[in-house]
Each structure stands twice: as C-alpha cells, then as structure tokens.
Amino acid sequence: MVTKITWQRAGRVAEPGRYMFRFGWLTIAAEDLAIWQQFPDATFTLVQMPSHSGGSDEFRLGAFELPANAGGD
C-alpha cells in the first residue's frame with residue numbers, strides 16, 4: 001500500500017528536520033518544503049527507509065503529485 005502525505009497533514013511544518021508522526025519518523029528536507037511552499041496542495045509519497053536500530057519506522061518524502069487544479073482556473 002502506498003501512503004501519501006500533504007503539508008496540512010504534516011502540520012504545515014516550517015523547518016526542515018525529523019518529525020514524529022503516528023506512523024513513525026519523517027525527515028523533511030528543505031527541497032520538500034520549497035515544493036510545499038510553492039504548491040501547498042501537493043501530495044508526497046512516503047518512502048520507508050531501512051531501519052538500522054529496529055526502532056520506529058523511518059520515512060522520507062518521495063515523488064509528489066499536484067492536484068488537477070494546481071495550474072489555476
């Protein structure tokens with residue numbers, strides 16, 4: 001199952017970093033934030049990273065999609 005996340009679901013984070021969510025840790029890069037700032041309704045695919053410590057799940061943002069109306073009406 002592919003899981004996706006929006007900026008709103010991510011709490012509209014304003015800084016790059018590692019954030020704890022119900023599904024695990026999510027690392028958000030400055031480049032990811034730049035996309036959300038330009039396209040606030042963009043949806044990113046969550047990419048699960050290999051766990052080295054056997055602890056919580058680790059994710060990063062992968063490919064993103066823009067809503068059909070992103071170009072403006």
Starting at [atom1] of [X], measure out to [atom2] of [Y] and round the result to the nearest 0.5 Å.
| X | Y | atom1 | atom2 | answer |
| --- | --- | --- | --- | --- |
| Trp7 | Phe44 | CH2 | CZ | 10.5 Å |
| Leu61 | Ile5 | CG | CD1 | 7.0 Å |
| Arg60 | Thr45 | CZ | OG1 | 10.5 Å |
| Lys4 | Phe64 | NZ | CZ | 12.0 Å |

Kindly give the heavy-atom pair with the smallest separation between Val47 and Gly62, and that separation in Å.
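Closest approach of Val47 to Gly62, heavy atoms only: CG2-CA, 3.7 Å.
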State which residues pass side-chain contact (heavy atoms from CB on, under 4.5 Å) with Asp57; sequence neighbours excluded, sorted by chain then number.
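Counting only residues at least two positions away or on another chain, Asp57 forms a side-chain contact (heavy atoms from CB on, under 4.5 Å) with Gln48, Phe59.
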How are the rings of Phe23 and Phe21 set to each other: parallel, tilted or perpendicular (split at 30° and 60°)?
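If you compare the ring of Phe23 with that of Phe21, the planes turn out parallel.
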N/O donor to acceptor pairs below 3.5 angstrom from side-chain atoms of residues 25-35, sequence neighbours left out:
from: Asp32; atom 1: OD2; to: Ala29; atom 2: N; distance (Å): 2.9

